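Working notes, beginning with the structure itself.
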Amino acid sequence: MLAETRKVVGTDVIGQKREIAKERRALFLRRVWANKMVVVGGVIIFLITLLALAAPLITQFTPYDLEAVNRLKPPNATHWFGTDNFGRDIFSRVVYGARVSLAVGLSVAIITGFLGLLIGMYSSFYRILDHILMRIADGLMAFPSILLAIAIMAVMGPKPINVVIAIVIVETPGVARIVRSAALVVKEQTYIEAARAQGASSWKIIWSHIAPNVLTPLIVQITYVFSVSMIIEASLSFLGTGIPVPEPSWGNILYDGKSVIQTAWWMTVFPGMFLLLAVLGSNLLGDGIRDLIDPQSNKAKK
């Protein structure tokens, strides 16, 4: 009889936990849908990503097809965004260029987030590392980001992997400093002292107690790095030190269009519009995520 009673009670507790988890998920989804910035930014990034992934299915031409007789044609039924000065389809190049920009932005955001978390956490915990790593970070941040990226690309050469490496070097110090600042605040909390008094190791304190509490500023900063990376990649490609020609990139499409901007406006308008939308969507998504997960935000409280 007692065993059956325990079984019933255990089943009720499990059922209650499932109901609570279900209610929390429903509440979180309602908060997400109520946040217009998350919805709008997420939809923009999703649509651009969908276009990039479906590029072979929705384009009639490859981004490398040359048609000299159709050079500088305005938008029409065959070439939706017109053609460039080599007769290449602008729509194909813009859509395939979205693959490059999104891949660079995502790669830089992931690598920078990991390195920034690693450097920031250990800098906040060990004073010697803090002096060494933060002085290196200060030195890198002393240079304008685009000039430093250009200098790095001039040394390594214009390759996609080098673009990622250059932007990671440029953006990691800023992320590391933000993580370090948040970690220093958390480090002084009472429960950290209690964990240390109980004999917890430094590794456990760093990654089990401090790291989870710095994820909010880190996630917001990663969305910023994602958008900035696309701008820097486009800038490098525009200057000829980024994605090498003839690989499609929004930056080198803009470069091809600058000399004919008065007669072939479509060569600058469409890639520029896609770059603007991608950066706008990323920034809206980042601001919305901050409002959702930051308990200090007024919008999150509402």
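Everything numeric in this text was worked out from a predicted model, so none of it was measured.
Of all non-hydrogen atoms in M121 and I206, the two that sit nearest each other are CE-O, 3.2 Å. The shortest non-hydrogen separation linking D130 to S123 is CB-O, 3.0 Å. Here the closest non-hydrogen pair linking V38 and I289 is CG2-N, 3.7 Å. The two residues A264 and L72 have their closest heavy-atom pair at CB-CD2, 3.8 Å. Contact between G42 and L285 at its shortest, heavy atoms only, is N-CD1, 3.9 Å.
A chain of hydrophobic side-chain contacts below 4.5 Å, direct or via other Ile, Leu, Val, Met, Phe, Trp or Tyr residues, connects L102 to M273. Note on V108: it clusters hydrophobically with F238, by side-chain heavy-atom contacts below 4.5 Å among ILVMFWY residues. Under the 4.5 Å side-chain heavy-atom criterion for Ile, Leu, Val, Met, Phe, Trp and Tyr, Y96 and I48 are members of distinct hydrophobic clusters. When hydrophobic clusters are built by joining Ile, Leu, Val, Met, Phe, Trp and Tyr residues whose side-chain heavy atoms come closer than 4.5 Å, directly or via intermediates, I253 is not grouped with F86. Both M134 and L129 sit in one connected hydrophobic cluster of ILVMFWY residues. Membership requires side-chain heavy atoms under 4.5 Å apart, directly or through other members.
Proximity of a side-chain donor or acceptor of K73 to a complementary backbone N or O of H79 within less than 3.5 Å is not detected. Between the T83 side chain and the D89 main chain, no donor and acceptor come within less than 3.5 Å of each other. The backbone N or O of W265 lies less than 3.5 Å from a partner atom in the side chain of T268, making a donor-acceptor pair. The backbone N or O of E247 lies less than 3.5 Å from a partner atom in the side chain of N252, making a donor-acceptor pair. Listed for the R93 side chain is a donor-acceptor partner under 3.5 Å among the backbone atoms of P63. Here the side chain of R71 pairs no donor or acceptor atom with the backbone of G87 at under 3.5 angstrom. S92 contributes a side-chain N or O that, together with a main-chain N or O of F61, makes up a donor-acceptor pair within less than 3.5 Å.
Annotation: side chain of Y64 is in contact with side chain of P248 (closest heavy-atom distance under 4.5 Å). Between W250 and V94 the shortest side-chain heavy-atom distance falls below 4.5 Å. Residues V260 and M267 form a side-chain contact, since some pair of their non-hydrogen atoms from C-beta on lies under 4.5 Å apart. Looking at heavy atoms from C-beta onward, N162 lies in side-chain contact with I165 at the 4.5 angstrom threshold. Contact check for S101 versus F274: no side-chain heavy atoms found under the 4.5 Å cut-off. Counting heavy atoms from C-beta outward, W80 and I58 have side chains that stay 4.5 Å or more apart.
More than 12 heavy atoms of other shown residues, nucleotides or ligands fall within 6.0 angstrom of atom CZ in F270. In F46, the CZ atom is not crowded: 12 or fewer heavy atoms of neighbouring residues, nucleotides or ligands sit closer than 6.0 Å. At most 12 non-hydrogen atoms from other residues, nucleotides or ligands lie less than 6.0 angstrom from CZ of F114.
Rounded to the nearest 0.5 angstrom, S237 OG and L254 CG are separated by 9.5 Å. Distance check, rounded to the nearest 0.5 Å: OG1 of T78 to CD of E67 gives 9.0 Å. Rounding to the nearest 0.5 Å gives a distance of 6.0 Å between CD1 of I119 and CG of L133. With values rounded to the nearest 0.5 angstrom, N213 atom CG is found 3.5 Å from Y191 atom OH. From H209, atom NE2 reaches atom CZ of R196 across 10.5 Å, with rounding to the nearest 0.5 Å. In this structure, CG on D287 lies 9.5 Å from OG on S282, to the nearest 0.5 angstrom.
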In sequence, state the C-alpha distance, the side-chain angles, and the governing distance for V95 and F81, and then conclude on side-chain contact (heavy atoms from CB on, under 4.5 Å). CA-CA 11 Å; V95 173; F81 288 179; 5.8 Å; no

Show your working on side-chain contact (heavy atoms from CB on, under 4.5 Å) between Y255 and V245 and close with a plain yes or no. CA-CA 11 Å; Y255 176 80; V245 178; over 6 Å; no

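Residues passing the salt bridge (charged side-chain N to carboxylate O under 4.0 Å, His left out) test with D84 are R88, sequence neighbours excluded. Among residues two or more places apart in sequence or in another chain, the side-chain contact (heavy atoms from CB on, under 4.5 Å) test is passed with K36 by none. The side-chain hydrogen bond (donor to acceptor under 3.5 Å, both in side chains) check on S229 picks up nothing, with sequence neighbours excluded. Applying the side-chain hydrogen bond (donor to acceptor under 3.5 Å, both in side chains) criterion to W207, with sequence neighbours excluded, gives Y122.
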Report all side-chain donor-acceptor pairs from residues 218-227 shorter than 3.5 Å, counting only partners two or more places apart or in another chain.
unit_1 : atom_1 : unit_2 : atom_2 : d
T223   : OG1    : V220   : O      : 2.5
S227   : OG     : Y224   : O      : 2.8
S227   : OG     : N283   : OD1    : 3.1

Counting only pairs under 3.5 Å, give me each side-chain donor-acceptor contact of residues 136-159, with atom names and distances, residues two or more places apart or in other chains.
unit_1 : atom_1 : unit_2 : atom_2 : d
D138   : OD1    : R177   : NH1    : 2.8
D138   : OD2    : R135   : NE     : 3.2
D138   : OD2    : R135   : NH2    : 2.9

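With I210 as the partner, the side-chain contact (heavy atoms from CB on, under 4.5 Å) test is satisfied by one option alone out of L184, V179, I192: I192.
Side-chain contact, E233 with S249: a donor N or O sits under 3.5 Å from an acceptor N or O.
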